[in-house]
Amino acid sequence: MVGKIIFSKVLEMPLVNYIRFIEKTTKQYLEFDKKKLFYAKIMIRDGTLFFEVPDKRLVNIYSTENYTKNKIICSLIWINTRNKFSLHILRNLLHYQSKYWFSGKEIDLKPLTYKQFLSLYPLQYLDQSRLSRLIPNLSVMTPQNQVINLKSLFISKKKYHSYLIKEIVDDNENPLKDKDIQYILTQKGINLSLRTICNCRKSLNIPNYREKDSYYYEKDITFNDYIMLSKKNLNKIPNDAGVYELSISSKIDYLNRRSNVIYIGSSKNLRKRIVNYFGNKLKNNCLKNFINSYDTFLRFCLTGDHILVEKTLLKNFRSIYGMLPKANSVGG
DNA sequence: CGCTTATCTCTGTCCAGTCG
DNA sequence: CGACTGGACAGAGATAAGCG
């Protein structure tokens, strides 16, 4: 009984702690770089995928014969089991997500849940609860030299569908209605309700067919999700250079069409700039009025070329809406 | 060398609001 | 008015966590 509980703890150990645990059990202490620690490195040679585990202790199967103490034997068995699990998981993920390993692009990930993985690649004693305890503690280096967590290979159907929809929308010059997207997906053998497609679009900030030609920014600018403008959320804004957009929840009339956007700006330090909005330093009265009377939302895009990008965005905005955002046009 | 429960996430239904 | 999207919500399903 107690053994099971402790075994769960062994599975939950981050790699650093796990290696310490192995060292303590085997009394073999070795130097290793704690900061650059990952379970395995995945490589491609001659068009074949394979991986290397730099730290052999993570794959070793230890013999229990030389020990008499029950406690040590238990620990060694746990280590052996975790090593077996890890190897099994990585081997099969290499196979299942092979397209992704080659390209490094999220869109090439196939949807996968823990449950599915277990039914595809069963292993004795490996169950859902153990999988969910071990996976988040395993990181690997991809052929593209990025360290990723194995958890990110288990993407939900929703994410998978979202990426598909993004691809479809990006590939089509014409604005697509959700029904059009649904039809294209059906041809690929995927049946989704309109509501789900709508949700997927929203999760990746993909415009709907009405909004598509009213976007004043190009595909290559990706804003973060909307953040409510409040003191509480200041820590979500990075101290980096970029452009930002302020909007309110209701639409405002512009010359050509309506929009929620009230201001577009840029700064060398986004957080510092936004902090100013809460003091008395804000001189733009129009903006001040908006912020005081409505819930205001912020989103930003980090870029070193913030001044140039801001200019382009304002120009685009004017050509689509007939005028600058309300709070930009006055005194700005 | 699990089982159970709490919590989170996803997906579809219903309906309201917007646009032309 | 019809066509369409988006919000609230509920049921189902997946995952994280508690425990003997």
Side-chain angles (χ1 to χ4, degrees), chain A residues 1-14 21 61-62 64 70-71 73-89 109-120 122-138 149-165 169 174-186 190-215 225-226 247 249-254 256-260 295 297 321:
Chain A
M1 205 71 89
V2 180
K4 291 181 199 175
I5 303 165
I6 300 175
F7 181 49
S8 289
K9 296 262 182 275
V10 173
L11 291 178
E12 283 168 17
M13 283 180 192
F21 177 69
I61 301 296
Y62 297 91
T64 51
N70 197 22
K71 215 174 153 188
I73 294 177
C74 264
S75 298
L76 286 171
I77 291 174
W78 291 328
I79 292 168
N80 288 343
T81 312
R82 174 166 161 160
N83 282 359
K84 263 188 236 164
F85 285 176
S86 306
L87 208 59
H88 173 82
I89 292 167
L109 282 171
K110 290 199 278 176
L112 183 64
T113 63
Y114 291 162
K115 211 177 156 186
Q116 237 181 316
F117 180 87
L118 288 170
S119 68
L120 283 170
L123 180 70
Q124 199 183 12
Y125 306 129
L126 186 61
D127 63 15
Q128 177 268 321
S129 105
R130 297 196 167 127
L131 206 55
S132 91
R133 286 176 157 113
L134 179 56
I135 296 261
N137 296 305
L138 290 177
N149 194 281
L150 287 188
K151 179 88 180 69
S152 62
L153 298 172
F154 290 79
I155 67 161
S156 67
K157 270 191 179 165
K158 187 191 175 186
K159 265 221 167 127
Y160 173 69
H161 291 148
S162 302
Y163 288 128
L164 275 180
I165 290 169
V169 171
N174 308 325
L176 294 175
K177 292 169 193 167
D178 285 356
K179 261 199 172 161
D180 301 333
I181 297 174
Q182 189 182 36
Y183 179 70
I184 295 173
L185 285 172
T186 314
I190 296 163
N191 296 310
L192 288 183
S193 78
L194 286 172
R195 193 73 198 86
T196 301
I197 291 172
C198 181
N199 284 336
C200 289
R201 261 198 305 100
K202 240 202 139 194
S203 77
L204 286 185
N205 265 322
I206 304 169
N208 66 32
Y209 86 105
R210 275 190 196 131
E211 292 166 342
K212 188 174 178 182
D213 61 349
S214 67
Y215 269 35
D225 288 344
Y226 288 98
S247 56
S249 52
S250 50
K251 295 205 171 190
I252 315 165
D253 286 320
Y254 283 95
N256 297 343
R257 37 175 104 223
R258 309 174 73 214
S259 172
N260 303 65
D295 280 343
F297 297 90
Y321 292 91

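A, B, ... follow the sequence lines: proteins, then strands. Residue 1 opens every chain. Computed from a predicted structure; not experimentally measured.
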Tell me what A:Lys159 touches on the nucleic acid: a base, only sugar-phosphate, or nothing, going by heavy atoms under 4.0 Å.
nothing
Partner nucleotide, any strand, of B:dT18 [Watson-Crick/G-U, under 3.5 Å]
C:dA3
Side-chain contact check for A:Asp127: nearest option of C:dA14, B:dG2, C:dA3 is B:dG2
Which is true for A:Ser129 with a 4.0 Å heavy-atom rule: it touches a base, it touches only sugar-phosphate, or it touches nothing?
base
Looking across every strand, which nucleic acid part, if any, lies under 4.0 Å from A:Gln124 by heavy atom: base, sugar-phosphate, or nothing?
nothing
With a 4.0 Å heavy-atom cut-off, tell me which residues in residues 192-201 of chain A come close to DNA chain B, sorted by residue number.
A:Ser193, A:Arg195, A:Thr196, A:Asn199
Looking only at side-chain atoms of A:Lys179, point me to the closest of C:dC4, B:dC1, C:dG18.
C:dC4
Mind checking ring pair (Phe, Tyr, Trp, His ring centres under 6.0 Å) for A:Tyr254 and listing every partner two or more places apart, or none if nothing turns up?
A:Phe317, A:Tyr321
Hey, what's the ring geometry for A:Trp78 with A:Phe7, parallel, tilted or perpendicular (30° and 60° as the breaks)?
parallel
Taking the minimum atom-to-atom distance to the side chain of A:Lys158, which one of C:dA16, C:dA17, B:dT11 wins?
B:dT11
Among the nucleotides C:dT5, B:dC1, B:dC10, whichever has the atom closest to the side chain of A:Lys177 is C:dT5
Among B:dC3, C:dA16, B:dC1, which nucleotide sits nearest the side chain of A:Arg133?
B:dC3
Measuring from the side chain of A:Tyr125 (C-beta onward, heavy atoms only), which nucleotide among C:dA16, C:dA3, B:dG2 has the closest atom?
B:dG2
